[in-house]
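Data first, discussion second: the structure below is written as structure tokens.
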Amino acid sequence: MSENSTPTNFIRQIIEDDLASGKHSRIHTRFPPEPNGYLHIGHAKSIVLNFGVAEDYQGQCNLRFDDTNPHKEDEEYVEAIKEDVRWLGYEWAGLYFASDYFEQLYQFAVELIEKGKAFVCDLSAEEVREYRGTLTEPGRESPWRNRSVEENLDLFRRMREGEFEDGARTLRAKIDMAAPNMNMRDPALYRIRRGAVHHQTGDAWCIYPMYDFTHPISDALEGITHSLCTLEFEDHRPLYDWVLDNISAPCHPRQIEFARLNLEYTVMSKRKLTQLVNEGHVEGWDDPRMPTIAGLRRRGYTPASIRDFCNRIGVTKSDGTVEMGVLEAAIREDLDRRAPRRMAVLHPLKVVITNYPEGQEERLSGPNHPKDETMGSRELVFSREIWIDRADFREQANKKYKRLITGGEVRLRNAYTIICEEVVKDDEGNIVELRCTYDPDTLGRNPEGRKVRGVIHWVSAAAGVPAEVRLYDRLFSVPAPDGEKDRPFQDFLNPDSLKTVQAVVEPSLAQAEPGDRFQFEREGYFCRDTASKELVFNRVVTLRDSWGGG
RNA sequence: UGGGGCGUGGCCAAGUGGUUAAGGCACCGGACUUUGACUCCGGCAUCGCAGGUUCGAAUCCUGCCGCCCCAGCCA
């Protein structure tokens with residue numbers, strides 16, 4: 001996989017220092033999604049970071065499902081996530097579930113209780129909230145905080161046995177109710193979820209460990225050296241360290257936080273993406289307009305382009321919003337290099353070449369790539385009647401318009417030059433057909449003594465193949481759809497995010513396989529849709545266009 | 001008004017006291033061109049603000065200002 005190299009970042013520097021100082025002799029990372037939804041481009045940033053770092057330093061990276069909340073999770077998501085990670089080009093060293101550690105986690109909780117570092121609390125959720133205090137006022141200690149070790153042990157065992165109802169009790173860490181960091185105010189370690197059926201452990205458990213307790217221990221059990229997570233967990237780091245400092249942990253991974261990805265013209269939160277799907281604004285999680293990995297894949301993005309994008313945006317602690325242009329540039333660069341060129345007319349306008357013999361068909365050849373002969377060529381069919389795009393003709397225009405005008409001459413890409421002699425209109429004045437003449441001496445060489453205005457693409461009317469083409473644009477019409485506090489993000493949906501046209505494509509495209517990508521010359525990059533039986537092409541991205549208009 | 005973070009060109013981002021302040025995207029010129037693409041050449045910042053330390057500061061100190069995160073028995 002030829003790819004742009006990975007720039008350094010503060011996390012890689014930490015790793016290099018740890019390797020240089022001998023703190024670690026090999027590095028081990030992990031990508032720890034909760035299987036409660038589909039992965040999106042933001043997850044890709046984390047995946048590329050974690051797996052990329054492991055790859056570059058000859059280390060390993062695990063895929064671990066953080067499945068401690070049975071209410072929200074489902075097996076469907078674990079399969080989808082595995083597929084997405086693989087598709088991005090990575091293979092995990094180990095595949096784990098936090099639920100694999102439930103028994104060990106339980107024993108570590110017992111250890112905490114025995115050390116007097118955890119207690120069973122009978123406060124209700126609402127009471128806990130009251131006792132917690134506020135950002136500026138310290139909290140109060142739970143009246144159950146000083147139960148004996150024996151009583152705590154007994155109660156915790158009975159929690160596990162299923163003796164108590166959901167919400168009746170929790171196991172809490174005994175830290176400091178006056179801590180300025182809210183996470184240290186005796187956080188919950190275990191809660192009761194009796195009715196739940198866990199996708200991995202079934203009904204084996206009715207108490208479930210919290211993230212803050214599970215994560216550091218899972219990391220330690222797997223020998224993770226650097227536990228990379230996003231900025232919102234910065235405040236949890238003291239708790240992460242507290243847990244490992246107070247149990248007999250095999251090692252103490254270092255948690256390092258980086259900024260999550262924000263992308264313009266889209267939303268990234270699971271909640272909002274779910275709304276887009278459930279409210280019918282898109283067709284599903286893999287709708288080509290979605291920022292999900294599945295959506296990008298169906299749109300036609302390549303794994304390499306997404307990896308490249310993640311490397312281009314870097315890894316820091318400052319949270320910014322990346323322009324769509326960066327993602328688009330990454331896929332354009334990749335596809336420019338590898339996508340075969342084809343011709344497709346998106347808004348067909350009939351052209352009759354009056355001096356071309358009726359019934360005659362000619363086989364022409366077009367290179368698959370203008371700069372890479374090794375990609376070969378494909379056959380084109382030329383005939384008396386062809387289609388060109390309506391946007392490539394104007395009855396009159398100034399010199400800057402490098403397309404066809406009445407009386408003007410243009411080159412038909414990979415074929416002859418034509419001059420428009422006559423415009424045929426219907427009763428309402430709409431242009432329905434152009435009558436042109438061609439110059440038989442211009443195949444593969446320029447006409448003598450004159451210069452054509454430009455080059456336009458075309459497809460034989462006789463041999464062209466009908467196809468549906470879906471022109472995708474950004475999902476939202478403003479850069480930060482969720483930036484407005486008192487307006488729902490749905491207000492900013494782009495009504496033109498999808499335009500479907502009935503196009504005519506060159507014959508060779510009839511053989512395109514689902515997932516095949518092409519450049520439709522002068523239009524953009526397209527990918528044959530993988531979810532349609534018919535010949536449907538999704539526009540991945542337009543070509544860069546430096547033309548001001550005119 | 002508690003705590004934790006962040007502030008380098010339009011966007012992302014290198015930079016770790018001595019460099020003309022990398023690079024990418026975008027943008028603006030120009031060359032090339034059977035894709036208004038690609039490619040190629042050129043242009044495009046004094047580092048949130050104000051003080052201070054130093055021969056020398058984006059890099060150190062102080063004080064402001066702005067933005068983000070935290071009061072789930074979510075992750």
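We name chains A, B, ... by the order of the sequence lines, and we start the count at 1 in each one. Keep in mind that what you see is a predicted model, and the values were worked out from it rather than measured.
Base pairing annotation: G66(B) forms a Watson-Crick or G-U wobble pair with C6(B), both donor-acceptor distances under 3.5 Å. Base pairing of G36(B): no nucleotide in any strand meets the Watson-Crick or G-U wobble criterion (both distances under 3.5 Å). Base pairing annotation: C60(B) forms a Watson-Crick or G-U wobble pair with G52(B), both donor-acceptor distances under 3.5 Å. Here G23(B) sits opposite C12(B) as a Watson-Crick or G-U wobble pair (both hydrogen-bonding atom distances under 3.5 Å). G42(B) and C28(B) make up a base pair, with Watson-Crick or G-U wobble contacts both under 3.5 Å.
Summarising the geometry, the separation between CD1 on Ile313(A) and C1' on A14(B) is reported as 15 Å, rounded to the nearest angstrom. The separation between Leu412(A) atom CG and U35(B) atom C1' is 13 Å, rounded to whole Å.
Geometrically, Arg193(A) does not engage Tyr208(A) in a cation-pi contact defined by less than 6.0 Å to the ring centre and at most 45° from the axis. No cation-pi contact links Arg64(A) to Tyr96(A), judged by a cut-off of 6.0 Å to the six-membered ring centre and 45° from its axis. Because its NZ or CZ atom is not both nearer than 6.0 Å to the ring centre of Phe164(A) and within 45° of the ring axis, Arg158(A) does not count as a cation-pi partner of that residue. A cation-pi geometry, defined here as NZ or CZ lying under 6.0 Å from the six-membered ring centre and within 45° of its normal, does not hold between Arg172(A) and Phe119(A).
Residue contacts shown for Leu443(A) include a base, since a base heavy atom lies under 4.0 Å away. Residue His236(A) is classed as a base contact, given a heavy-atom separation below 4.0 Å to a base. Residue Asp66(A) is in sugar-phosphate contact alone, with no base atom involved, counting any heavy-atom pair closer than 4.0 Å across all strands shown. Residue Ala125(A) is in base contact, counting any heavy-atom pair closer than 4.0 Å across all strands shown. Here Tyr190(A) lies out of heavy-atom contact (under 4.0 Å) with every strand. The residue Lys317(A) sits close only to the backbone: its heavy atoms come under 4.0 Å of sugar-phosphate atoms, none of a base. As judged by a 4.0 angstrom heavy-atom cut-off over every strand, Glu137(A) is placed among residues making no nucleic acid contact. Among the heavy atoms of the strands lying under 4.0 Å from Val315(A) are primed sugar atoms or P, OP1, OP2 only; no base atom is included. Looking at heavy-atom distances under 4.0 Å, Arg185(A) makes no contact with the nucleic acid at all. The residue Gly524(A) sits apart from the nucleic acid: no heavy atom pair falls under 4.0 Å. At the heavy-atom level, Thr134(A) lies under 4.0 Å from base atoms of the strands shown. Leu123(A) comes within 4.0 angstrom of a nucleotide base, judged by non-hydrogen atoms across all strands. Residue Lys72(A) is in base contact, counting any heavy-atom pair closer than 4.0 Å across all strands shown. Backbone-only engagement by Met210(A) is indicated by non-hydrogen atom pairs under 4.0 Å involving sugar-phosphate atoms exclusively.
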(message) I need a per-nucleotide contact map over nucleotides 23-29 of chain B, read 5' to 3'. Cutoff is protein heavy atoms under 4.0 Å; write B for the base, S for backbone only, - otherwise.
(response) -SS-S--
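Contacts of residues 164-178 of chain A with RNA chain B (heavy atom under 4.0 Å): Gly167(A), Thr170(A). A heavy atom lying under 4.0 Å from RNA chain B marks the following residues of residues 12-20 of chain A, by number: Gln13(A).
The side chain of Trp547(A) has G36(B) as its nearest neighbour among A13(B), G36(B), C12(B). In the set C70(B), G36(B), A75(B), the nucleotide with an atom closest to the side chain of Arg191(A) is A75(B). Distance from the side chain of Asp235(A) is smallest for C70(B) among the nucleotides G5(B), G2(B), C70(B). For Val322(A), whose side chain is taken as the heavy atoms from C-beta onward, the closest listed nucleotide among G3(B), C12(B), A37(B) is C12(B).
Using a 4.0 Å cut-off, no side-chain N or O of Ser124(A) falls inside it from OP1 or OP2 of C73(B). A close approach under 4.0 Å does occur between a side-chain nitrogen or oxygen of Thr68(A) and OP1 or OP2 of A75(B). Of the side-chain N and O atoms in Arg193(A), none sit less than 4.0 angstrom from OP1 or OP2 of G72(B). Considering only side-chain N and O atoms, Arg337(A) lies nowhere under 4.0 angstrom from the phosphate OP1 or OP2 of U39(B). The side chain of Thr316(A) contributes an N or O atom lying less than 4.0 Å from OP1 or OP2 of A13(B). Contact annotation: Arg132(A) reaches the phosphate of C73(B) (side-chain N/O to OP1 or OP2, under 4.0 Å).
In this structure, Phe65(A) and Lys82(A) have side chains that are in contact, with non-hydrogen atoms separated by less than 4.5 Å. Between Arg12(A) and Thr6(A), some side-chain heavy-atom pair lies under the 4.5 Å cut-off. Considering only heavy atoms from C-beta on, His198(A) comes within 4.5 Å of Ser99(A) through its side chain.
Tested against Asp186(A) for a salt bridge (Lys or Arg N to Asp or Glu O under 4.0 Å), the candidates Lys117(A), Arg145(A), Lys174(A) yield a single pass: Arg145(A). The one candidate from Arg160(A), Glu161(A), Met159(A) that meets the side chain to side chain contact (heavy atoms under 4.5 Å, CB included) condition with Arg157(A) is Glu161(A). Paired with Asp336(A) under the rule salt bridge (Lys or Arg N to Asp or Glu O under 4.0 Å), one option of Arg544(A), Arg341(A), Lys371(A) passes, and it is Arg341(A).
Relative ring orientation between Trp547(A) and Tyr401(A) is described as tilted, the plane-to-plane angle lying within the 30° to 60° band.
Partners of Ser227(A) by side chain to side chain donor-acceptor pair (under 3.5 Å), not counting sequence neighbours, listed by chain and number: Arg30(A), Asp219(A).
Side-chain N/O atoms of Glu523(A) and base N/O atoms of U35(B) include no donor-acceptor pair closer than 3.5 Å. Residue side chain Arg403(A) reaches the base of G36(B) through a donor-acceptor N/O pair under 3.5 Å, judged by distance alone.
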Between the protein and nucleotides 64-68 of chain B, which nitrogen or oxygen pairs come in under 3.5 angstrom?
residue, atom, partner, partner atom, Å
C68(B), O2', Asp319(A), OD2, 3.4

Between the protein and nucleotides 43-49 of chain B, are there any N/O to N/O pairs under 3.5 Å, and if so, what are the atom names and distances?
none

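When each of Glu126(A) and Lys371(A) is assigned the nucleotide of RNA chain B bearing its nearest heavy atom, the one mapping closer to the 5' terminus is Lys371(A). Annotation: of the two residues near RNA chain B, Arg411(A) and Glu264(A), the 5′-most nearest-nucleotide partner is Glu264(A).
Pairing each heavy atom of His236(A) with each of Asp212(A), the nearest pair is ND1-OD1, 2.7 Å.
Within a 6.0 Å sphere centred on CZ of Arg445(A), other residues, nucleotides and ligands contribute 12 heavy atoms or fewer.
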